[in-house]
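Heads up, the thing below is written out as structure tokens.
Worth saying up front: this structure is predicted, and the values here are computed from it rather than measured. Every chain is numbered from 1 and lettered A, B, ... according to where its sequence line falls, protein lines coming before strand lines.
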Protein chains: 2
Amino acid sequence: MSDVAQRAGVSASTVSRVLSNPGVVAEATREAVMQAVAETGYRMNHAARNLRKQRTGCVVALVPNLGNPFFAKILDGMGRELAGAGYDLLVADTLEDSGRHTRLDRFLDPSRADGIILLDGLAPFGDLAGRADLPPVITACEWIEGADMPRVMLDNREGGRLAVAHLRDLGHAHIGLIGGPPGNVLHKARRKGAMQAAGQARITEFPGDFTLQSGQQAALAWRALPPSDRPTGIFAFSDEMACAFMSGLQRAGHHVPRDVSIVGFDDIELVSHLAPALTTIRQPKREIGRKAARIVLDRISGREIPAVTLLEPRLMERETTAPPP
Amino acid sequence: MSDVAQRAGVSASTVSRVLSNPGVVAEATREAVMQAVAETGYRMNHAARNLRKQRTGCVVALVPNLGNPFFAKILDGMGRELAGAGYDLLVADTLEDSGRHTRLDRFLDPSRADGIILLDGLAPFGDLAGRADLPPVITACEWIEGADMPRVMLDNREGGRLAVAHLRDLGHAHIGLIGGPPGNVLHKARRKGAMQAAGQARITEFPGDFTLQSGQQAALAWRALPPSDRPTGIFAFSDEMACAFMSGLQRAGHHVPRDVSIVGFDDIELVSHLAPALTTIRQPKREIGRKAARIVLDRISGREIPAVTLLEPRLMERETTAPPP
DNA sequence: CACTGGTCTGCAATCGATTGCAAACATTTT
DNA sequence: AAAATGTTTGCAATCGATTGCAGACCAGTG
């Protein structure tokens with residue numbers, strides 16, 4: 001910077017002002033500086049600016065599983081929104097290969113990130129509500145019950161309701177649920193909506209954990225039931241489970257949706273290109289990412305933000321649902 | 001830090017040394033400092049350290065499409081490797097919503113990142129080979145032809161060869177290729193391998209761009225051919241295209257693999273849970289990410305690194321391939 | 001001409017760590 | 001006992017930008 005200053009015949013202070021607050025500098029000076037900047041190819045040093053300004057220009061997203069396509073889309077939305085505001089997106093996995101949580105306090109540090117977006121409802125973050133020495137933390141998609149943190153997520157209850165209401169409307173009187181891990185907040189919310197919409201219908205629950213494997217398990221469990229006890233309409237709490245469940249049945253000779261109807265959750269891109277295309281509850285993933293980013297940015301700049309931001313789910317009616325046999 | 005120093009009755013220099021180079025400090029002093037650190041809950045300021053050390057502790061990954069599950073898995077591997085070495089992973093999309101490239105020079109800046117992993121073969125980075133004022137750049141998965149940058153990727157030619165050899169072994173004499181964008185390096189490499197393995201076989205090429213949509217298009221194109229001109233074995237250059245192609249045929253009443261055999265590329269997790277499960281060429285995605293990270297880290301610390309690192313593809317023989325009808 | 005008020009610019013301190021150098025002290029050798 | 005060597009520690013400069021304060025300059029006014 002002092003090179004530029006020398007070349008423009010001014011002090012470093014003035015260069016700094018031209019670059020960050022051009023209004024206060026006289027026209028002529030400003031131009032001289034700009035030219036010197038161009039000539040020297042000067043680029044500001046971020047570490048220095050950040051040190052002085054006590055900020056980092058980074059927002060970190062803590063994801064339980066970076067490899068999950070669902071989160072990938074959300075990160076996409078976040079990245080775009082943050083980039084637009086001049087922030088960088090740092091990502092980190094909250095889980096080790098072993099499945100244990102990593103040391104996350106590494107990121108709970110105002111000198112590492114200006115804000116934190118937590119996408120893992122099981123992260124051990126319950127106790128950091130009031131801590132003023134931390135950068136602002138919000139949760140997105142998932143959230144931590146009882147923790148006083150702003151949240152951005154889909155209206156999962158409504159999503160569950162939509163899915164089961166759809167099956168009920170088609171006439172299904174026995175509905176199967178392939179859920180998430182029992183303690184998971186998404187599981188609980190979706191289940192609540194599902195139960196509400198179920199009304200008089202009979203319900204059979206299959207355990208699950210959102211993964212392909214558990215969908216496959218559920219297919220085995222379904223087939224193990226006596227035919228008269230098999231639910232005719234299945235609501236899987238994730239598209240992956242829905243896919244694996246469907247292929248499990250198909251492979252055994254069952255036909256979807258003639259024999260069984262299936263509704264998924266998430267609407268990951270691929271499922272609309274299966275045969276049959278999966279009926280599912282759509283989460284606006286990019287939008288969730290964008291909104292979460294918007295909200296941390298607001299908090300970072302001290303604006304008031306809502307405690308809860310709910311996005312609307314949407315039923316994508318495709319080819320895996322039909323009236324029961 | 002000076003608080004800690006005062007509390008421990010030493011100078012800030014000593015505290016610094018205890019924290020970053022404990023060996024040179026006397027046992028007793030070190031313990032006093034450690035205790036003071038614990039008592040005050042002191043945490044180092046990264047901006048300050050980075051400024052002084054002229055580094056950032058970040059590596060940035062530039063991805064053409066963050067939402068793509070394929071890249072998500074790769075980032076996963078990278079993140080783990082980098083975290084192990086104390087580096088943070090910054091991610092950014094190289095493409096705007098519009099599909100145009102973003103201003104990437106924002107990241108070509110030693111004060112922003114210590115290293116850059118480029119996953120977009122079309123990024124306008126051809127001219128930065130020798131520039132010493134930039135952090136080290138390597139390419140992973142894709143690469144830029146003619147640019148002198150270290151690369152890490154699958155042996156794509158061999159992948160193409162494996163796929164077509166498999167179809168040939170099954171007896172297919174007419175093979176269809178669903179390719180990537182014509183200029184794409186992955187397309188060219190895979191096509192070369194495919195051609196090599198094809199030998200005497202007849203080849204029909206369908207245009208594609210790795211997306212689900214183009215797989216669907218290819219299905220239409222295939223069906224538009226007179227039955228005798230339809231290839232019986234299809235090699236799609238991505239799993240997504242393979243999926244969409246397959247469902248396009250299934251929806252039209254064709255049976256896979258009885259009527260047509262299909263081989264994909266990538267082995268994204270979901271395709272092994274379809275009915276029928278997709279035969280495909282596996283890319284070790286996490287491994288690619290890990291290796292790429294390892295290599296930038298090596299370059300950052302000045303070690304010699306190989307110009308090209310090739311990983312081995314593997315044929316995952318599943319249920320979508322069979323002898324021709 | 002002196003004075004007021006406003007605009008523009010520079011000085012110097014600051015952000016918080018790291019590190020070369022030298023001083024202080026301890027230990028071993030002659 | 002003096003000298004040589006080795007170990008620990010502190011001083012002060014440094015990384016590169018930002019910003020409060022005050023001085024310089026200018027125009028307008030009485």
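- Spacing between atom CE of B/Met44 and atom P of C/dC15 amounts to 17 Å, rounded to whole angstrom units.
- Only A/Ser13, A/Ser16, A/Arg17, listed by number, bring a heavy atom of residues 4-26 of chain A to less than 4.0 angstrom from any atom of DNA chain D.
- Side-chain N/O atoms of B/Arg49 and base N/O atoms of C/dT18 include no donor-acceptor pair closer than 3.5 Å.
- Applying the side-chain contact (heavy atoms from CB on, under 4.5 Å) criterion to A/Lys285, with sequence neighbours excluded, gives A/Phe70, A/Lys73, A/Ile74, A/Asp267, A/Gln283.
- Counting only residues at least two apart or on different chains, the side chain to side chain donor-acceptor pair (under 3.5 Å) pairs with a member in residues 135-145 of chain B are B/Glu145-B/Lys188.
- For the pair A/Lys53 NZ and D/dT18 P, the interatomic distance rounds to 6 Å; values are reported in whole Å.
- A/Arg303 is linked by a side-chain contact (heavy atoms from CB on, under 4.5 Å) to A/Arg294, A/Asp298, A/Ser301, counting only residues two or more places apart in sequence or in another chain.
- Rounded to an integer number of Å, the gap from A/Arg52 CZ to C/dA12 C1' is 11 Å.
- Under the side-chain contact (heavy atoms from CB on, under 4.5 Å) criterion, B/Glu27 pairs with B/Arg30, B/Glu31, sequence neighbours left out.
- In terms of phosphate contacts, B/Gln54 brings no side-chain nitrogen or oxygen within less than 4.0 Å of OP1 or OP2 of C/dT18.
- Whole-Å rounding puts the B/Arg55 CZ to D/dG16 C1' distance at 17 Å.
- Rounded to whole angstrom, the span from the CG atom of B/Leu51 across to the P atom of D/dA17 amounts to 9 Å.
- Atom P of nucleotide D/dT9 and atom CD of B/Glu27 are separated by 11 Å, given to the nearest angstrom.
- Separating the CG atom of B/Asn50 from the C1' atom of C/dC15 is a distance of 14 Å, rounded to the nearest angstrom.
- Nearest to the side-chain atoms of B/Ala48 among the listed nucleotides C/dA17, D/dA17, C/dC15 stands C/dA17.
- Residue pairs meeting the salt bridge (Lys or Arg N to Asp or Glu O under 4.0 Å) criterion with at least one member in residues 52-61 of chain A: none, sequence neighbours excluded.
- Around CD of A/Gln6, the count of heavy atoms belonging to other residues, nucleotides or ligands within 6.0 Å does not exceed 12.
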